Each structure stands twice: as structure tokens, then as C-alpha cells.
Amino acid sequence: MRFGVKLLLIASAVVAGGVLIGFYVANLTTLQGSASYTIPVQQASGKPVVNLKIETVAAVGPQLSPNPDWVSYLIQNQKGAWIRRTVWKLPANATVHVTVYNFDGASGLRNPYLARPQGVDGNQVTIDGKPATGIDPNDASHTFAVPAYHLIVALPGVADNAKNQCGYAPCSLKLAHRTIQFTFHTGAPGHYRWQCFVPCAAGWIDGFGGPMQTIGYMDGFLDVS
Amino acid sequence: MATHPTTAAPGADRAPHGRRVIVAWLVLSIVATPLVAIFLGPILPPGNASVQGSGQVVDNTVLTATITPVFCLLLVFFVYVLTRFRAAPATALEDGPPLRNHNGIQVTWIVVTTVVVLSLAGFGTFELLQNGSGGGQGPSPVAVPAGADHMMQVQVIGQQWNWTYRYPGYGGIETQDLYLPENTYVVLNVTSLDVIHSFWAYALGVKADANPGVDNVAYLKTKGPRSFEIRCAELCGLWHGYMYQTGHIVPQSQFAAWIKQQQTLNASIARYMPKYSRSYYPDPQRRGG
């Protein structure tokens, strides 16, 4: 075989390999397979405003997951149903009003520093209707955190002896829960991960396996565009 | 009548190949080595955000300049051989002259490579023992710079999946960002709250593993104001690739204002913060398996 033909074949193989690797990486970074949820956008004074309603549950249940015992975040869709989607499409430079209904008990923060709300308007949140600038780290059930925004909000848990605790999601607001509200702002377009910092994965090493390491439960993305 | 290619008698080629290669190598090395040291050296990694980072740039420059003549020798040798001894098309394959032992070449090769390797080992050890070169030295550091007792102390805490920082000299406050004052000696106490991470502040020349229950000490002296990247260099789970931040070296006055602001912000949870410790074990473990 001529030298030029050999060179052409090798170059073609290298290009083909590069394209395949590119597709693989692109597939990973765009998280194909992790269905996203587009949150409805309203306008206030010409600027986008989003109302985000989410809930955290101790066990996601068989209706919503093949892993019914996993702890999870859920988001409320436009029909009022709770769905298990953790990749959320948000507009850039928007005001996001968040309401979290937490039905889970406390696990405690491994890093007490994260008990202070950060990256939210006024550096404070509203817990069950009362303003708060921090919680007891031992009472933390989960956090909603977007590190790229410096956003961290610790969510206090339902008391261990509370009546009417939710077994499996979706959980009705008639059951024991805590309500946490806060506001933050999206910035430039980008792909920002969010996560829980509380070691809340029951039965996993250090409480950080399973649902803590799987997008769709305690981790996700803010797809800001 | 068939014709056959003529075959030269072994050893018939009396051209001074060795001398040509050596002369070409010497000329190329004498030109290339200073160019590498002067122009390539300053832009070699990791950067100049700290004295330790600059020291590593010097180390890399010395290494690169040292291997330049070696690279030149290989280059000259291959180019010479491929051009001078390239057989013309349709030439019959023939064996070369038999290789013979040459004591001079062997002794020279062994002596030169031994001297190069031992010199680099000695140079590297000297550089490492000067101030640790920004590397994590474990809980009992060996290469302790002078005045370490009076250095500014910053604890680096890794957890899945973010870095936070405690400043024991400022009431043990904790922050999401790493701010360091310019031209300041700093001791970093690197640890983890869960699994193994690795604190890698590239431009600072600092890389130190973060292990739960271990205080990994690294020293540095900051230089002028600038920003630098921080990454985790130990695969630590789902968001390992997202475990990066931007650190800042700022003027002394700006640092003083920033740390005061952080102290104010930390007031709301001051009563909950644990007493400063050199290390922490994963706790709580209420749901851990």
C-alpha cells in the first residue's frame, strides 16, 4: 500500500475516533437521558420571574422511581402534580422565588457553616412563615445549594415525634412538613449544578451514596438560558 | 543475462558519521538550550502566584533546559540516519556491518546519564526541602520554612462537593471563598469531612490531599494580587468535575475589609460553629451505612 494511502487511512481513523469521543463527551455534558423540566416564566417590570415549588421526601415511593426508598427532591409541575425532575430550565437574569416543602426528618449537617443562608435575598429565609438567618446544624434535613451562585439554604427537618409523617411521595401538604421560602437570582446563561450537602442517603457509606450520587434525586442542574 | 544489484562490502562506508552527528548536536544544543531557558522557561507551568509556584517554574525550566540537549541528540541522530542511510527504491535489502563493543561510548554513556540523573535528583531534593515547594507534607511537615510559627493559618476543608475555608486567626470563621493577602506567608491545613479530595491551587503551586481525620500541611508565600483556580485532583464522586473555585490574592487592606465582612456574616451561626480543630471525622453518621 502506498505511503499516502496509509497516511490517509490513519488520519481518517484518528478523526473518526475523535468524533466518537466528542459525541460521548457531549452526551455526558448535556445529560441526555436526564429529562429537564421547563419552569413557567412570568414577567414583572419587564424582568423574568419564576416561582419554583419543590418538595423533599424521605422516600420517593414506587410511583415515581424504581428506587422507592431513596430520598429525593420533587418539583411541582403546572398541573400541580409532583414529578421527579432535577434538571430545571430557567431564564437568565431572573428572580426566582422558591418554596420548599420538606417532609423529611433531620440528618444533621456535616459542616455546620452551611446552616447559614447564603446567596439569597437579604441573606435570610422564611421558615414556617418566620424569618431566619440560620438554623441549628443538627436540625438540618437537606440543603438546596448552587455552589456557582454561592447559594446555600439549609432546610430544617420535621420533628422525629411529629404526627402524620409522610411515608412515600408524593406527600400531601396535610402531612407533617416544614415550609422554607427564599429568593435568589439567576445570572448569565450556563449549566449550574445544584446539590444537597446533608449526608441524607440512608444506608449508604457516609450517607453520601445512592440518591446523593445520582442526578434525578438529590442533585441536578439549573439550565439557565 | 540477468543483472544483480551490487553489494558493498561491510565497513566500506568510511564517512565520519559520528563526528558529523556530534558537531550538529553540539551546534543545535548550544543554540536551543539558552532559547528554551530564556523564552520557554518563564511560561512553563504552574505559574507565579506564589513563591512556591515560581520555584516550580524554575524547577521546570532547569529540567526542560537539561533535557534539551538530550532531545537535540535524538533529533539529530534520527534525522541524520533517516536521510543519510535511506535506501533508494528498488535497492535490495542488505545487512549492515556487525556491531562491535566500544568501551569509550559505553563508559561515556553511563557516566553522563548517571551524572545527569543524580544532579537532577539532588537539585529536586534541595528545592523540595527549601520550603516544601507547595506540596502537602502531612501532619508532621519536614520542610518547614523559617518563621512558620507566625504564618497566617488557613484551613482548607473538602467535602462532597465543595471547598470551604476556616481562618483560625480571625475567630475561626468559615467562608465559601479563599482570599489571601498579598506578600504573606501562609500555612494551609488541608483536611476533609468525608472522602479523599485533593486541594489543587494550580497557580499557587499547591497540591495537597484532603483526607478525613488528617491535617495535611502545605506552606506558601503569596505574591502580587491576582486570581487563581482551585480544583479537586482526586476523583471524589458525582460532582468531582464541578468542584472548582476561583481564589483571590488581594492587597492587605482589601483582605482586612473582606475578613471583617465575613466575621459579621458569620455572627448568625457563630454559636453553632465547632471549636477549631486540625481535622474532622465524618460526623454525623445518622444515615450512613
Side-chain angles (χ1 to χ4, degrees), chain A residues 28-29 58 71 104-119 123-124 132-141 145 147-152 154 157 191-215 217-219 221, chain B residues 89 155-167 172-177 191-197 212-213 230 232 235-246 261-277 280-289:
Chain A
L28 278 182
T29 53
V71 60
D104 197 4
S107 301
L109 272 165
R110 198 159 276 158
N111 186 347
Y113 166 68
L114 305 182
R116 175 168 72 83
Q118 302 174 55
N123 282 321
Q124 70 173 23
T133 55
I135 66 169
D136 184 333
N138 292 313
D139 293 340
S141 176
Y149 287 165
H150 284 63
L151 190 162
I152 295 171
H191 209 51
Y192 307 101
R193 54 110 181 194
W194 65 265
Q195 69 162 99
C196 174
F197 277 106
V198 173
C200 59
W204 297 85
I205 294 174
D206 289 346
F208 244 87
M212 295 297 286
Q213 304 266 356
T214 310
I215 292 171
Y217 294 88
M218 300 308 289
D219 308 89
F221 278 105
Chain B
Q155 183 174 51
V156 178
I157 302 171
Q159 70 177 111
Q160 290 174 315
W161 292 271
N162 208 10
W163 300 105
T164 54
Y165 309 92
R166 288 194 81 173
Y167 293 78
I173 63 158
E174 193 165 334
T175 67
Q176 284 199 68
D177 294 298
T191 190
S192 166
L193 299 179
D194 38 47
V195 298
I196 301 172
H197 304 275
I230 299 164
C232 179
L235 187 59
C236 59
L238 178 67
W239 296 122
H240 163 70
Y242 280 80
M243 204 168 158
Y244 60 79
Q245 294 178 352
T246 302
Q261 181 192 32
Q262 296 303 312
Q263 286 172 315
T264 305
L265 288 170
N266 268 256
S268 66
I269 55 157
R271 66 183 184 281
Y272 296 124
M273 290 298 288
K275 193 178 175 185
Y276 179 78
S277 170
Y280 311 89
Y281 284 94
D283 180 65
Q285 283 279 28
R286 286 181 218 175
R287 291 187 176 180

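Side chains included, hydrogens not; waters and symmetry mates left out as well; all remaining heavy atoms used. Quick caveat, the model's predicted, so the values are computed rather than measured.
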| Contact origin within Asn266(B) toward chain A - heavy atom pairs under 4.5 Å | both

| said: Less than 4.5 Å to any heavy atom of chain A: does that hold for the side chain of Leu265(B), its backbone, both, or neither? | reply: both

| field | Heavy-atom contact with chain B under 4.5 Å, split by part of Ala106(A) | value | both

| said: Using side chain to side chain donor-acceptor pair (under 3.5 Å), reason through Gln118(A) and Asn123(A) one step at a time and then give a plain yes or no. | reply: CA-CA 5 Å; Gln118(A) 302 174 55; Asn123(A) 282 321; over 6 Å; no

| query | What residue in Ile173(B), Asn162(B), Val195(B) has the most heavy-atom pairs under 4.5 Å with chain A? | reply | Asn162(B)

| So which of Gly209(A), Ala145(A), Cys200(A) has the largest heavy-atom pair count under 4.5 angstrom toward chain B? | Cys200(A)

| query | Would one find more than 12 heavy atoms of other residues, nucleotides or ligands at under 6.0 Å from atom OH of Tyr149(A)? | reply | yes

| field | chain B contact via Leu114(A) - side chain, backbone, both or neither, heavy atoms under 4.5 Å | value | side chain

| Ile135(A), part contacting chain B, at a heavy-atom distance under 4.5 Å | backbone

| request: Name all residues meeting the side chain to side chain contact (heavy atoms under 4.5 Å, CB included) criterion together with Ser268(B); count only those two or more places apart in sequence or in a different chain, and write none if there are none. | output: Arg116(A), Thr133(A)

| request: Apply side chain to side chain contact (heavy atoms under 4.5 Å, CB included) to Ala58(A) and list each qualifying residue two or more places apart in sequence or on a separate chain. | output: Asp104(A)

| query | So Arg110(A) and Ile157(B), side chain to side chain contact (heavy atoms under 4.5 Å, CB included) or not? Walk me through it. | reply | CA-CA 11 Å; Arg110(A) 198 159 276 158; Ile157(B) 302 171; over 6 Å; no

| Is the centre of the Tyr113(A) ring less than 6.0 Å from the centre of the Trp163(B) ring? | no

| message | Is Phe197(A) in contact with chain B via its backbone, its side chain, both, or neither, using a 4.5 Å heavy-atom distance? | response | both

| said: Any donor-acceptor pair under 3.5 Å linking the side-chain atoms of Gln159(B) with those of Tyr280(B)? | reply: no

| remark: Most contact-rich option vs chain B, by heavy-atom pairs under 4.5 angstrom, among Leu109(A), Val198(A), Asn111(A), Thr214(A), is Asn111(A)

| query | Measuring heavy-atom distances to chain A, does Asp283(B) have an atom under 4.5 Å in its side chain, in its backbone, in both, or in neither? | reply | backbone

